[in-house]
Asks: 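One structure follows; several queries about it will come next.
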Amino acid sequence: MRTHFVSAALVAAAGLHAAQGFSAGKGLRRAAVRMATPLGDQYCVDQYRTTRRKTRTVEAGPVKIGSEHPITLQTMTNTNTKDVMATVDQVMRCKDLGADLVRLTVQGKKEAEACMHIRETLFKKGYDVPLVADIHFQPKVAMMVAECFEKIRVNPGNFADGTKSFEETVYETQEEYNAERGHIEELFIPLVEKCKSLNRAIRIGTNHGSLSARVMSFYGDTPEGMVESAIEFADICREQDYHNFLFSMKASNPVVMVSAYRRLAARMYDLDWDYPLHLGVTEAGEGEDGRMKSAIGIGTLLSDGLGDTIRVSLTEDPELELAPCGELARLGRVAASPEVEKLYINVPDYKETKRDFANFERRKGAPLEKAEGETFPTDQYLHQDGSVFSVISSEMLETPDVLYQQMGAKIALGMPFKDIATSDSLILKDVPAADNKDARLALKRLQEVGVGVIADHADLAAAPIPEAVAKVTLSELVAAGGAASFLEKAEAKRVAVVVDGSEEDAAFDALKAAEADVLCVILKVSDDLSRVHASRRVFELLHQKGVSSQVMHYLVAANGEGVLGRENFVLKAGSQAGALLVDGLGDGVVIENGNVNDDITYPLAYLRETAFGMLQGTRIRTVKTEFVSCPSCGRTLFDLQEVTDQIRLRTGHLPGVSIAIMGCIVNGPGEMADADFGYVGSAAGKIDLYVGKEVVQRGIKMDTAPDALVELIKEHGKWKDPEEADAIEEAPVAA
């Protein structure tokens, strides 16, 4: 009789997926028979400040990658590799826009032959930018292209597999599992020897969506499986005394991606290895959603001091990846530079005991309950999954219909109603005068449908608003000896406590004592502190003091103007607040427009949508369809950007539904681990449809595939029709 032991890794990963809103069965389809490899306590140089991890230098032609060199930028062509001149032109454009390396898909011998001409043509045109061959399933092709390209990316999940398989194999022991390594060595060692002789670099690039059937059967669909898959290939390199390689641990889910990279870093500390890391969130998508997910994953790791080369994978032209890629690299460089040393020194000393770098565990604040004497549905001021607050001025109340629209509320007969992505509460910059009946009526209508109103305690004392929440600082709370005086003067029943991260440890005793009167904690970190590290200290103190109040991260959007200002703000916000949410630290987001008199760059609706995007990117709260879409490459069998837009238009109104759109089969089925439905190119003009990882319809014509996808969603009970236009009275748009 066979006895199966479920590994600690699988149990932890089940919790990881459940915490992200996924069932263990949906994300983890394999049993595992081994105990997890123990991890040491260290995964970065210093968890109390950003210090770049020391690595060896890996050489890819003239470009050096490692801690002694600037973070390098990468992108990938989406031309047909066999079209030599189109590919050459795109590589040159990418290089001109800042790419340090450019990757090309090389799926067969004809593409490998074209690579010879691409490399030669680029040299003739004066471009020595290193080229990286993306290899799947084809060891012989890798051997060919190593003759001319400076770096080879191998995927441990399919390098030694002739075809992608999801069949389960039962391994009773570690020895049984290791016995199959000989086949990998037979195929991989020749490439290692060739790269060593030619001084080529190798990236051992694990992808969560394309773990081998062997690894899936033994480790489960887990971050640990990703790590051990890469370690096995690295061991083979080291046995050949080849060390010009680096790692990547990519996933479309930033939470899984961060966990895998941190686990790999911890394993390298345990093994005394110093190989560089290539960072990326694969299949991040497009637009601000793709940039937010990339910032959450890449920015989190850069704040840990991890990462030596990065790619932002977007479902857009590769040239458009380089601006966000460069900005994330800049943020990482600044965070680790001596010029911001004071930001870390200013954070009061603390010792982390709660945060687990390897396993996701969300700190979920206590649910809000309606208090005695409250007439409004105050228990809805915070959302159970994660909240978004909007910051407004009293002037905005003068045009309530516009405000309701910007807040994401439905409007029927002039009355606002909460929708799935409506601001949960409002923070008033100033309180409307007591005799401003229209503004106060607008607030009352919002309160009646469960939108909280928060204002400074002094403003409320001067002009009370029934059942508003009085905003006080933690320092004020300590000085007053509790919340009672604020509640009395403001005629309020609750307080929102603002914490800036500089408070002494003892101040949090006062927060604990007043907790019965606290709506939430608003974490607005002082500008002279490191946001990530000061916030980690606050959460550690909340844990130590037993404070269970929900915590809202407060951000200010004042990062330039126009499209670039928006993009850079998304990257910064994702890197800072996202780095906390991805660790399960926080219950929501507040974003204030810090650009005075600039409602064009940062309109209220944009800030609200960005906050919800951050919650969805960290798998805390889902308010719209989740799209997992690959960035396109030479393998793509259809116009990925056009098709993604078509599917988004048809299905973008299905919150809680995840759809993967994949240009080819390489990562397609594997990424279905995080998707309900899959739309995957299987041949020219043909689409396969998936439910989870299971293909349910094959070879559908492109022109009918979107309709077939909609019908499939309906069959599984996840479809709802878009609301009829005349069912809701649309609010007028501001001029």
Side-chain angles (χ1 to χ4, degrees), residues 346-348 363 365-366 368 381-382 387-393 423-431 452-462 465 468-487 489-490 492-542 545 547-558 573 576-577 580-581 585-594 607 611:
N346 291 342
V347 176
R363 175 202 177 272
L368 188 63
Y381 290 1
L382 298 171
S387 303
V388 167
F389 291 179
S390 292
V391 182
I392 70 167
S393 65
S423 304
D424 296 292
S425 288
L426 298 176
I427 297 178
L428 302 182
K429 292 182 178 180
D430 57 305
V431 172
V453 174
I454 303 168
D456 186 83
H457 67 90
D459 291 341
L460 288 175
I465 297 173
V469 177
K471 180 161 62 74
V472 304
T473 67
L474 181 53
S475 298
E476 289 173 329
L477 191 73
V478 171
S485 63
F486 301 111
L487 296 175
K489 293 176 182 178
K493 294 186 180 296
R494 301 176 189 267
V495 294
V497 181
V498 180
V499 174
D500 69 12
S502 67
E503 298 89 353
E504 295 182 356
D505 293 11
F508 290 83
D509 292 323
L511 180 59
K512 175 62 179 175
E515 192 166 22
D517 299 316
V518 174
L519 172 77
C520 65
V521 172
I522 298 174
L523 184 50
K524 188 177 182 181
V525 176
S526 173
D527 290 340
D528 63 350
L529 301 175
S530 164
R531 172 178 288 277
V532 170
H533 301 87
S535 298
R536 286 177 180 170
R537 171 180 173 265
V538 168
F539 282 103
E540 178 63 32
L541 288 169
L542 294 178
K545 305 294 184 180
V547 178
S548 60
S549 298
Q550 296 193 34
V551 179
M552 301 290 297
H553 292 287
Y554 194 109
L555 305 171
V556 178
Q576 294 186 345
L580 299 156
L581 293 168
L585 302 178
D587 300 279
V589 180
V590 188
I591 306 179
E592 177 189 351
N593 181 2
L607 298 177

Asks: Do Val551 and Val538 touch side chain to side chain, with heavy atoms closer than 4.5 Å?
Replies: no
Asks: Under 3.5 Å, is there a donor-acceptor pair between the side chain of Ser526 and the main chain of Leu529?
Replies: no
Asks: Testing the basics here: between Asn346 and Asp528, what is the closest heavy-atom pair and its distance to 0.1 Å?
Replies: ND2-O, 2.9 Å
Asks: Looking at residues at least two apart in the chain, or sitting in another chain, which of them share a side-chain hydrogen bond (donor to acceptor under 3.5 Å, both in side chains) with Asp424?
Replies: Arg621
Asks: Going by heavy atoms in the side chains, are Glu503 and Ser475 under 4.5 Å from each other?
Replies: yes
Asks: What pair of heavy atoms forms the shortest contact from Asp459 to Asp430, and how long is it?
Replies: OD2-CA, 4.3 Å
Asks: From Asp456 CG over to Glu476 CD, what is the distance, rounded to the nearest 0.5 angstrom?
Replies: 7.0 Å
Asks: Give a yes or no on whether the backbone of Ala366 and the side-chain of Gln550 come within a donor-acceptor separation of less than 3.5 Å.
Replies: yes
Asks: First locate atom CZ of Arg536, then atom OG of Ser530, and finally report the distance between them rounded to the nearest 0.5 Å.
Replies: 8.0 Å
Asks: Going by an N to O cut-off under 4.0 Å, is there a salt bridge joining Asp587 and Arg363?
Replies: yes
Asks: Could you grab the distance from atom CZ of Arg537 to atom CZ of Phe508, nearest 0.5 Å is fine?
Replies: 5.5 Å
Asks: Is there a donor-acceptor contact under 3.5 Å from the side chain of Ser425 to the main chain of Phe389?
Replies: no
Asks: Is there a side-chain contact between Asp500 and Thr473 (heavy atoms, below 4.5 Å)?
Replies: no
Asks: For side chain to side chain contact (heavy atoms under 4.5 Å, CB included), just list the numbers for Val589 and Leu581, CA-CA rounded to whole Å, side-chain angles, deciding distance to a tenth of an Å, and then say yes or no.
Replies: CA-CA 10 Å; Val589 180; Leu581 293 168; 4.0 Å; yes
Asks: Mind checking ring-ring contact (aromatic ring centres under 6.0 Å, His included) for Phe486 and listing every partner two or more places apart, or none if nothing turns up?
Replies: His457
Asks: Are the side chains of Gln576 and His553 in contact, using a 4.5 Å heavy-atom criterion?
Replies: no
Asks: Just so I know, are the side chains of Ile454 and Tyr381 near enough to count as touching, which here means a heavy-atom distance under 4.5 Å?
Replies: no
Asks: Could you give me the CA-CA distance, side-chain angles and deciding distance for Val518 and Val547, then say whether side chain to side chain contact (heavy atoms under 4.5 Å, CB included) is met?
Replies: CA-CA 10 Å; Val518 174; Val547 178; over 6 Å; no
Asks: Answer whether the closest heavy-atom distance between the side chains of Leu523 and Leu580 falls below 4.5 Å.
Replies: no
Asks: May I have the step-by-step check of side chain to side chain contact (heavy atoms under 4.5 Å, CB included) for Val472 and Val497, ending in yes or no?
Replies: CA-CA 5 Å; Val472 304; Val497 181; 4.2 Å; yes
Asks: Mind running side chain to side chain contact (heavy atoms under 4.5 Å, CB included) on Lys545 and Leu511 for me, showing each step along the way?
Replies: CA-CA 9 Å; Lys545 305 294 184 180; Leu511 180 59; over 6 Å; no
Asks: What closest approach, in Å, do Leu607 and Ala557 show between heavy atoms, and which atom pair accounts for it?
Replies: CD2-CB, 3.8 Å
Asks: Looking only at non-hydrogen atoms, find the nearest pair between Ala534 and Val525 and report the distance.
Replies: CB-CG1, 4.0 Å
Asks: Would you give the length of the straight line joining atom SG of Cys520 to atom CG of Leu368, rounded to the nearest 0.5 angstrom?
Replies: 9.0 Å
Asks: Enumerate the residue pairs fulfilling salt bridge (charged side-chain N to carboxylate O under 4.0 Å, His left out) with a member in residues 511-522, sequence neighbours excluded, ordered by first and then second residue.
Replies: Lys512-Glu515
Asks: For the side chain of Arg531 and the backbone of Ala577, is there at least one donor-acceptor N/O pair under 3.5 Å apart?
Replies: no
Asks: Could you tell me which non-hydrogen atom of Ile591 sits nearest to which non-hydrogen atom of Ala611, and how far apart they are?
Replies: CD1-N, 3.8 Å
Asks: Can you name the closest pair of heavy atoms from Leu460 and Ala455 and give their distance?
Replies: CD1-O, 3.6 Å
